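Shown next, in C-alpha cells, is the structure this report addresses.
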Amino acid sequence: MNPVVGIDVAKDESEVQAFLEKGKPYGENFSIKHNREELDKFIGFLGEIRS
C-alpha cells in the first residue's frame, strides 16, 4: 500500500492523518492552519512519509 493521507478541511484549519499501512496510523493526527508557513510544513511531512 502506498501512503494514504486523510485531510478533514475546515474554514480556518484542517486535520491531517497519514497511514503507511491499512488500519495503522502513522504518528498522531495534527492540525494545519491555512497559511503559507504551515502548508510548507505539510509539504515537508508528505516528503517524509514518501521515504
Side-chain angles (χ1 to χ4, degrees):
M1 175 178 160
N2 292 323
V4 174
V5 178
I7 304 172
D8 181 6
V9 179
K11 184 177 180 181
D12 295 320
E13 63 183 31
S14 296
E15 292 290 321
V16 178
Q17 178 65 66
F19 297 85
L20 299 183
E21 295 181 35
K22 189 174 183 177
K24 295 183 180 178
Y26 175 77
E28 299 289 324
N29 66 314
F30 60 93
S31 298
I32 57 170
K33 293 187 186 300
H34 300 159
N35 60 46
R36 180 63 186 233
E37 182 180 331
E38 296 211 11
L39 291 174
D40 284 343
K41 288 180 186 178
F42 176 64
I43 291 169
F45 171 75
L46 293 176
E48 177 185 315
I49 65 170
R50 271 185 84 183
S51 302

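Computed from a predicted model, the values in this text were never measured in an experiment.
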Requested in this report: Sequence neighbours left out, what passes side-chain contact (heavy atoms from CB on, under 4.5 Å) with E13? Give chain and number order.
Outcome: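 By the side-chain contact (heavy atoms from CB on, under 4.5 Å) rule, E13 matches E15, S31, K33.
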
Query - Spacing of CD1 belonging to I7 relative to CG belonging to N29, to within rounding of 0.5 Å - result: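 So the CD1 of I7 and the CG of N29 are separated by 12.5 Å.
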
Requested in this report: Using the test salt bridge (charged side-chain N to carboxylate O under 4.0 Å, His left out), find all partners of K11 that sit at least two apart in sequence or belong to another chain.
Outcome: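 With neighbours one apart ignored, the set is empty.
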
Ignoring hydrogens and angles, write down the donor-acceptor pairs under 3.5 Å from the side chains of residues 39-50, residues two or more places apart or on other chains.
{"from": "D40", "atom 1": "OD1", "to": "R36", "atom 2": "NE", "distance (Å)": "3.3"}
{"from": "D40", "atom 1": "OD2", "to": "R36", "atom 2": "NE", "distance (Å)": "3.4"}
{"from": "E48", "atom 1": "OE2", "to": "Y26", "atom 2": "OH", "distance (Å)": "2.7"}

Identify the two heavy atoms, one from [X] and one from [Y], that lie closest to each other, and give their separation to 0.1 Å.
X: A10; Y: H34; answer: O-CE1, 2.9 Å
X: Q17; Y: G27; answer: NE2-O, 3.6 Å
X: S14; Y: V9; answer: OG-CA, 3.4 Å

